[in-house]
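Structure first, then comments.
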Amino acid sequence: MAIERTLSIIKPDATRRNLTGQINARLEEAELRIVAQKRVRLTLDQAQAFYDVHKERAFFEDLCNFMITGPVVVQVLEGEDAIAKNREVMGATNPANADEGTIRKDFAESIEANSVHGSDATETAVREISFFFSELEIVG
Ligand code: CMP
């Protein structure tokens, strides 16, 4: 398996409930290394640009409005098979369908306020990482 990097976002519902440390512990327990991390408050323009791929979806406007309700923690995770591993640790998008022991099962409030985001494929990870971080800010 290859060493990969993936983008993770701890969403406003989770930062509001002070869950950053607990979520980071889950990631590290899964042998994902946090090789870059910052806490930012997105503007509406930034949220819309980040989720551009979903712009035709009915939930797009609500999703972008939700993402600016509070700070988010954006991070680059590195490890073997990091993209798939992070998605495993996160659980299904809808917490109602998430497996026991996953971040979304344990912490998410709804399909929208689902505590974390993770890149879904190699090309997406490259795009999403460069959306928030320069190479200089990623220290493996
Ligand atoms: P995320 O992994 O950040 O990618 C897009 C987000 O849209 C997703 O998590 C959900 O929080 C949100 N979303 C809201 N409604 C839906 C829906 N019906 N299907 C998929 N994603 C949704």
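We count ligands from 1, going down the list as the structure has it; atoms in each ligand are counted the same way.
Crowding of Glu31 atom CD: a count of heavy atoms from other residues, nucleotides or ligands under 6.0 Å not exceeding 12.
Using a cut-off of 4.0 Å between Lys/Arg side-chain N and Asp/Glu carboxylate O, Glu135 and Arg5 are scored as salt-bridged. A salt bridge is absent between Asp13 and Arg16: the closest approach of a Lys/Arg side-chain nitrogen to an acidic carboxylate oxygen does not fall below 4.0 angstrom.
At a heavy-atom cutoff of 4.0 Å, ligand 1 is surrounded by Lys11, Tyr51, His54, Phe59, Leu63, Thr93, Arg104, Ile111, Glu112, Asn114, His117.
Residues Gln75 and Asn24 bring a donor and an acceptor atom of their side chains to less than 3.5 Å of each other.
Ring geometry, Phe132 versus Phe50: the interplanar angle falls from 30° to 60°, so the pair is classed tilted.
What you find for Glu128 and Ser119 is that their closest heavy atoms are OE1-OG, 2.8 Å.
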